[in-house]
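Read the structure below first, then the notes.
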Amino acid sequence: MKFEHELNSPVLVLDEDQSWQLLSHSSHGRVATSVAGLIDIVPVNYAVHNGKLFLRTSPGNKLAAMAINEKIAFEVDGILSDEAWSVVVHGSAEVLEHEADIKEARESGVTPWIPTQKDFWIRVNIDSISGRHFELGEQPEVAE
């Protein structure tokens, strides 16, 4: 997705709408959790639906970490031949328990990549979203 950069600026700080636009057009990212001073980053599948971010997972370290400390960071990137981008979300992970919430999460369409049971649904309540877009090219050399 191309965005207009200022003249000679290969980096564009994205506004909230642009960041949501990019977040909505991907389906895999990384979630960072922190428990007892240990930070972990793991790949996840996700979906955006009705302005909300949903994850689907199975029992294990990732789910336990989000249950112990709901504060997370989430990051997604895109890299093409001539451009790249990165979006970062900070928020809290909420393990969904009520059927109405799970129904909405199912409507998001998030699906696992591998044939395993992912019976736990997570909604990320977003505190902030930010992003950057990059025009790729050669690094300019300093004249000697």
Please enumerate all residues that pass salt bridge (charged side-chain N to carboxylate O under 4.0 Å, His left out) together with Glu94, with sequence neighbours excluded.
Arg123

Would a single hydrophobic cluster contain both Val35 and Val42, if residues Ile, Leu, Val, Met, Phe, Trp and Tyr are joined by side-chain heavy-atom contacts under 4.5 Å?
no

What distance separates Ile122 CD1 from Leu63 CG, expressed to the nearest 0.5 Å?
5.5 Å

Main-chain N/O of Leu23 paired to Ser26 side chain as donor or acceptor, under 3.5 Å:
no

Would you say CG of Asn125 has more than 12 non-hydrogen atoms from neighbouring residues, nucleotides or ligands within 6.0 angstrom?
yes

Applying ring pair (Phe, Tyr, Trp, His ring centres under 6.0 Å) as the test, list every pair that has at least one member in residues 94-122; sequence neighbours left out.
His28-Trp113

Verify, without hydrogens or angle tests, whether Tyr46 (side chain) and Phe74 (backbone) share a donor-acceptor contact under 3.5 angstrom.
no

With sequence neighbours left out, what residues match Arg30 under salt bridge (charged side-chain N to carboxylate O under 4.0 Å, His left out)?
Glu75, Asp77

Same apolar cluster: Val95 and Ile72, side chain cutoff 4.5 Å
yes

Considering all heavy atoms, the nearest Phe54-Val110 contact:
O-CG2, 4.2 Å

Pairwise side-chain contact, Gln21 with Phe3, heavy-atom cut-off 4.5 Å (strictly under)
yes

Indicate the atoms forming the closest heavy-atom contact of Ser34 with Asn69, along with that distance.
O-ND2, 2.8 Å

Pairwise distance OG(Ser86) to CG(Leu14) - rounded to 0.5 angstrom:
9.0 Å

On a heavy-atom basis, which atom in Pro112 and which in Asn45 lie closest, and how many Å separate them?
CA-OD1, 3.8 Å

Verify, without hydrogens or angle tests, whether Asp15 (side chain) and Asp17 (backbone) share a donor-acceptor contact under 3.5 angstrom.
yes

Same cluster or not: Ile41 versus Val124, using hydrophobic residues (I, L, V, M, F, W, Y) connected whenever any side-chain heavy atoms lie under 4.5 Å apart?
no

Do the charged groups of Lys103 and Glu107 touch, with an N to O distance under 4.0 Å?
yes

From Lys118 NZ over to Thr111 OG1, what is the distance, rounded to the nearest 0.5 angstrom?
11.0 Å

Would Glu104 and His49 count as having a side-chain donor-acceptor pair, cut-off 3.5 Å?
no

Rounded to the nearest 0.5 Å, what separation is found between the CD1 atom of Ile129 and the CD atom of Gln18?
11.0 Å

For Gln117 versus Ser58, what's the shortest heavy-atom pair and its separation?
O-CB, 3.2 Å

Here the pair of heavy atoms bringing Gly131 nearest to Ser19 is N-OG, 3.2 Å

Decide yes or no for Ile126 and Leu53: does some side-chain heavy atom of the first lie under 4.5 Å from some side-chain heavy atom of the second?
yes

Distance from Asp40 atom CG to Thr33 atom OG1, nearest 0.5 Å?
5.0 Å

Hydrophobic cluster membership, with links at side-chain heavy-atom distances under 4.5 Å among I/L/V/M/F/W/Y: are Val88 and Val13 in one?
no

If you count every heavy atom of other residues, nucleotides or ligands that lies below 6.0 Å from Leu136 atom CG, does the total exceed 12?
yes

hydrophobic_cluster_shared for Leu55 and Ile102, side chain cutoff 4.5 Å:
no

Any idea which heavy atoms bring Arg132 and Val11 closest together, and the distance?
CD-CG1, 4.4 Å

Output for pair (Trp85 CH2, Leu12 CG), nearest 0.5 Å, gives 14.0 Å

